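These numbers come from the heavy atoms of this one structure, side chains and all, not from hydrogens, waters or symmetry mates. Note that the coordinates shown come from a computational prediction; the quantities given were computed from them, not determined experimentally.
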Number of protein chains: 2
Amino acid sequence: MHGHVIPINTPLPLSSPIRSRGTAGTQTGYTGRVLAKGEHLYHAGDSIAGPYMVITGALKGYNTDEDGFERVMRLYSTGDVLGFEGLARRGAVSSIVAVDTAKVWKMTEQGPVEGGPGMLGITETILMGFYRELSLSAQVLEMNRGSAQARLARFLVHYGDQQAQRGCKEQEFLLPFGRRDLAHYLGIAAETLSRAFGSLRKKHILKMNENHIVVLDPADLRRIANGNA
Amino acid sequence: MHGHVIPINTPLPLSSPIRSRGTAGTQTGYTGRVLAKGEHLYHAGDSIAGPYMVITGALKGYNTDEDGFERVMRLYSTGDVLGFEGLARRGAVSSIVAVDTAKVWKMTEQGPVEGGPGMLGITETILMGFYRELSLSAQVLEMNRGSAQARLARFLVHYGDQQAQRGCKEQEFLLPFGRRDLAHYLGIAAETLSRAFGSLRKKHILKMNENHIVVLDPADLRRIANGNA
DNA sequence: CGTCATTTTGATGGAGGTCAATGAACGTGG
DNA sequence: CCACGTTCATTGACCTCCATCAAAATGACG
């Protein structure tokens, strides 16, 4: 339907910090895996080998409560890292499923190894990943605050920032997530999310066609994200 | 006001997994610290040395957003461990303040140390702590779901479970947290929390005096916690 | 006893959840 | 190529729940 599509979502360029580790001395390696839409990377409780990095596509992390209802905990996109729980030799915290065709790399640093009396060896990369994961959980909580509009705006701002970090356009992107998943992630109903989109569109803060989103007024978007209606 | 107080909140017995590590070979040690009510253990962004364990009392972890509003991220009680971020040599994620006179132990495993080419030494205890922290963030998110009653019920059920793990009464305890903090933690207004308490009391699911809570109908409490009004 | 903080209770309005209907996009088989 | 079913996004109408404002009640402390 669009005239011609602009390349606003690029695969991961795979630059500095990660690849540079794969040198002599450490047995770091990577194994690629492609998941079709709807395919699971692993389920909650599964024992997993180690962290994965998202190369292309998108995935969601979710948990199912006792009533069978699904709670979206995380949304992963290009460049995100997930699955650190594997290092603790315990079951995965959340289930991970591809919401779009996705390619991931397993980072096969074999997790902790014995490193002395009562000590385990672990790379600094992994440790940083843990830290990022903890910070992220704070962000996710923040998403579940304020009005529906504020939540959506906050998400879009964050997502734009991530886009920038990936070297992509900050104000224009294709959302790889469906409305239902996004709504669950934000802790609101899908219909409410739809209305929030409509409201932002009516205020000329963004325009959109399907999942192709263009932010017209970033300043206003940030203002709304901070709760100042 | 109570006739005579039952010892329902005991200090940590300091049993198996933690103390048993402090043997020859590792330089593990503990440093006690007592905080008055309102005193901070550390602030968000501070560089901290390592994890702490709560021996007695209670603390809250919170973040302040740009509007100056406070968001309660965690509530810590006897036996809980916090401050794992220190290991990554980065600033603390949240600020920690005592909501009641509290005693904590700093676990002075000196954080990561060199353990080989590109490797860092870390104890299994720490790794497990990270894992627990990640699982906890899932729980915290779950707290921000459903009706006010369901949130409160869920909190009480979880708190009772923790009490049991500490070897204390599961159905009777003294809440060390004020209403305001608890409400913020649950993502509801203090007044709504008060009403939720009142509602549970009226249904004879619990009785309470101040912060002394007795669960009369645990089964019903769990039912409500799962959203079945 | 007065002052202050905290909790409880009451009254009101609005945001958003729910149910329902419509519309758009896509695939499948005739 | 079209008819049909399916899935998903949008829009409308209704009504519940909770945030907010306000005030009274309770307790802590000097």
Review point. Can you give one letter per nucleotide of nucleotides 8-16 of chain C, 5' to 3': B if a protein heavy atom sits under 4.0 Å from the base, S if only from the sugar-phosphate, - if neither?
Key: BBBB----S

Practice item. Take atom CG of Leu175(B) and atom C1' of dT7(C), then tell me their distance rounded to the nearest Å. Key: 14 Å

Revision key, fill the gap. note: Lys37(A), atom NZ; dC26(C), atom C1'; distance rounded to Å ~ 11 Å

Practice item. Rounded off to whole Å, could you give me the CG-to-P distance for the Asn144(B) and dG17(C) pair? Key: 14 Å

Practice item. Calculate the interatomic distance between Leu182(A) atom CG and dC8(D) atom P; express it in whole Å. Key: 15 Å

Check your understanding: To the nearest angstrom, how far is Arg180(B) atom CZ from dA5(C) atom C1'?
Key -> 10 Å

Check your understanding: Rounding to a whole Å, what distance do you find between Leu152(B):CG and dT7(C):P?
Key -> 14 Å

Review point. Less than 4.0 Å between a side-chain N and a carboxylate O, is that true for Arg223(B) and Asp217(B)?
Key: no

Review point. Is a side-chain donor-acceptor pair under 3.5 Å present for Ser77(A) with Gln162(A)?
Key: no

**Study point:** Atom NZ of Lys37(A) with >12 non-hydrogen neighbours under 6.0 angstrom
**Key:** no

Check your understanding: Taking Glu172(B) as the fixed residue, which of Gln163(B), Lys207(B), His212(B) is the one that meets the side-chain hydrogen bond (donor to acceptor under 3.5 Å, both in side chains) rule?
Key -> His212(B)

Check your understanding: Roughly how many Å is it from CG in Asn209(B) to P in dT6(C), rounded to a whole number?
Key -> 19 Å

Practice item. Using atom CZ of Phe177(A) as one end and atom P of dC8(D) as the other, report the distance to the nearest whole Å. Key: 16 Å

Review point. Quick one: is the NZ or CZ of Arg166(B) closer than 6.0 Å to the six-membered ring centre of Phe173(B), and within 45° of its axis?
Key: no

Check your understanding: Would you find more than 12 non-hydrogen atoms of other residues, nucleotides or ligands less than 6.0 Å from Arg180(B) atom CZ?
Key -> no

